[in-house]
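Hydrogens, waters and symmetry mates play no part in the numbers below; they use all other heavy atoms, side chains included.
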Amino acid sequence: GPCYCDQACVRTLDCCHDYAQTCPVIPCVVSQWSAWSGCAEPCKTTYRVRRRHIIQEPRNGAEPCPALEERAGCVQYWTRQGTQCQQSLIPALITAGGFGRARRRRAAADGSERAGYCVEFQLVAVTPGCLRSQPWHARWTRRLREGHGVCVECQPPALHRPRQLCHGDGTGSHLNQLLHWQAVGNHQCRGTWRRIRQLDTCPCPSVHSFLFI
């Protein structure tokens, strides 16, 4: 009799003898990714989105279509009215201080090196996600412990004009005000700290030195 292209026969093992020839696998085909959207909300750590759509549905036992939406971390430093967000309301995005050496080499190579500064903070709260197992590039978050002092360096390209400040450095915050920070590469690692002082150089050992993004 005729061979029907009913992929259920693959699971029930009762396909006709010429199923593979009569009903070849037709894979899913998706479009290219769209451009990334803007940040979902201004003045806070949130996300941006890109999407793609299905051009051809999978048939005859083909693999399911891949994900049609991706999200990425995002911070927008301007309100929808076009005014700059208050520094103290923006979580500081930080990474390991070791990445600063590569930044300085690139800046020196293109002649754009400018002096930065450091801010000393005391960590008040750290989420448990900072201690969890992470990819190698995010394991530095295990050094973040409540009560410890840390130095965070502001250097180009995170040094933004016209005020030559890093977003989220706490400039203008009140004494003992709790400020928010978030680790880059580990969205489960975040917390609060208090700004102690601003310095021309970082006095902390490398294990407690970090970098504004």
Side-chain angles (χ1 to χ4, degrees), residues 39 42-46 73-79 82-127 129-131 134 136-187 189-213:
C39 296
C43 301
K44 63 188 296 186
T45 302
T46 178
C74 178
V75 178
Q76 182 174 312
Y77 299 110
W78 299 86
T79 67
T83 57
Q84 192 168 18
C85 304
Q86 295 181 34
Q87 288 283 330
S88 60
L89 298 179
I90 302 170
L93 296 179
I94 61 171
T95 189
F99 287 99
R101 290 190 291 273
R103 273 188 180 176
R104 284 190 288 270
R105 285 196 298 269
R106 288 195 299 270
D110 63 16
S112 62
E113 187 173 11
R114 301 194 305 275
Y117 61 91
C118 280
V119 183
E120 186 178 345
F121 297 93
Q122 182 181 22
L123 291 165
V124 176
V126 178
T127 59
C130 297
L131 300 178
Q134 295 291 332
W136 66 269
H137 63 272
R139 290 176 185 166
W140 60 270
T141 62
R142 298 175 185 175
R143 307 174 202 158
L144 296 160
R145 302 295 179 91
E146 292 180 5
H148 284 193
V150 295
C151 291
V152 188
E153 187 172 358
C154 176
Q155 59 177 228
L159 196 63
H160 295 280
R161 297 178 179 178
R163 299 179 64 195
Q164 299 294 301
L165 298 174
C166 280
H167 290 299
D169 71 350
T171 297
S173 62
H174 303 297
L175 184 66
N176 292 325
Q177 181 178 353
L178 290 181
L179 306 170
H180 293 271
W181 57 266
Q182 182 169 327
V184 173
N186 181 357
H187 68 278
C189 181
R190 56 188 180 276
T192 57
W193 56 22
R194 288 190 179 92
R195 180 184 168 107
I196 305 300
R197 56 181 173 164
Q198 182 170 318
L199 305 160
D200 291 333
T201 58
C202 281
C204 298
S206 60
V207 70
H208 290 144
S209 181
F210 303 96
L211 191 69
F212 286 110
I213 295 297

*Asks:* CD1 of Ile196 to SG of Cys151: how many Å apart, nearest 0.5 Å?
*Replies:* 10.5 Å
*Asks:* Can you tell me how far the CZ atom of Arg143 sits from the OG atom of Ser209, to the nearest 0.5 Å?
*Replies:*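 Interatomic distance, Arg143 CZ to Ser209 OG, rounded to 0.5 Å: 9.0 Å.
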*Asks:* Who passes side-chain hydrogen bond (donor to acceptor under 3.5 Å, both in side chains) against Gln198, sequence neighbours left out?
*Replies:* Arg195
*Asks:* Tell me, do Thr95 and Phe212 make a side-chain contact under 4.5 Å, heavy atoms counted?
*Replies:*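 Thr95 does not reach Phe212 side chain to side chain.
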*Asks:* Measuring from atom CZ of Phe121 to atom CD1 of Ile94, what distance do you get when rounded to the nearest 0.5 angstrom?
*Replies:*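 With rounding to 0.5 Å, CZ (Phe121) is 9.0 Å from CD1 (Ile94).
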*Asks:* Would you please indicate yes or no on a ring centroid separation below 6.0 angstrom for Phe210 and Trp140?
*Replies:*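 Centroid distance Trp140-Phe210: below 6.0 Å, so yes.
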*Asks:* Are Glu146 and Val124 close enough that some pair of their side-chain heavy atoms sits under 4.5 Å apart?
*Replies:* no
*Asks:* Just verifying a value: how many Å separate Thr171 OG1 and Gln164 CD, rounded to the nearest 0.5 Å?
*Replies:*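 Here the rounded value is 12.0 Å.
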*Asks:* Within the distance-only criterion (no hydrogens, no angle test), does the side chain of Asn186 pair as donor or acceptor with the backbone N or O of Thr141 below 3.5 angstrom?
*Replies:* no
*Asks:* Is there a side-chain contact between Val119 and Arg197 in this structure, where contact means two heavy atoms from C-beta onward sitting under 4.5 Å apart?
*Replies:* no
*Asks:* Could you check if a side-chain atom of Leu123 sits within less than 4.5 angstrom of a side-chain atom of Leu144, using non-hydrogen atoms only?
*Replies:* yes
*Asks:* Specify the closest pair of heavy atoms between Cys130 and Arg190, including all atoms of both residues, with the distance to one decimal.
*Replies:* SG-N, 3.9 Å
*Asks:* Search all heavy atoms of Gly168 against all heavy atoms of Ala92 and return the closest pair with its distance.
*Replies:* O-CB, 3.3 Å
*Asks:* Evaluate side-chain contact (heavy atoms from CB on, under 4.5 Å) for Arg145 paired with Leu131, printing each intermediate quantity in order.
*Replies:* CA-CA 9 Å; Arg145 302 295 179 91; Leu131 300 178; 3.5 Å; yes
*Asks:* Answer whether the closest heavy-atom distance between the side chains of Glu120 and Leu199 falls below 4.5 Å.
*Replies:* yes
*Asks:* Do Arg194 and Leu178 have side chains that approach each other closer than 4.5 Å (heavy atoms only, starting at C-beta)?
*Replies:* yes
*Asks:* Look at the SG atom of Cys154 and the SG atom of Cys118, then say if they are under 2.5 Å from each other.
*Replies:* no
*Asks:* Would you mind reporting whether Trp181 and Leu93 have side-chain heavy atoms less than 4.5 Å apart?
*Replies:*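 Counting from C-beta outward, Leu93 and Trp181 never come under 4.5 Å.
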*Asks:* With a 4.5 Å heavy-atom cut-off, do Tyr117 and Leu165 have their side chains touching?
*Replies:* yes
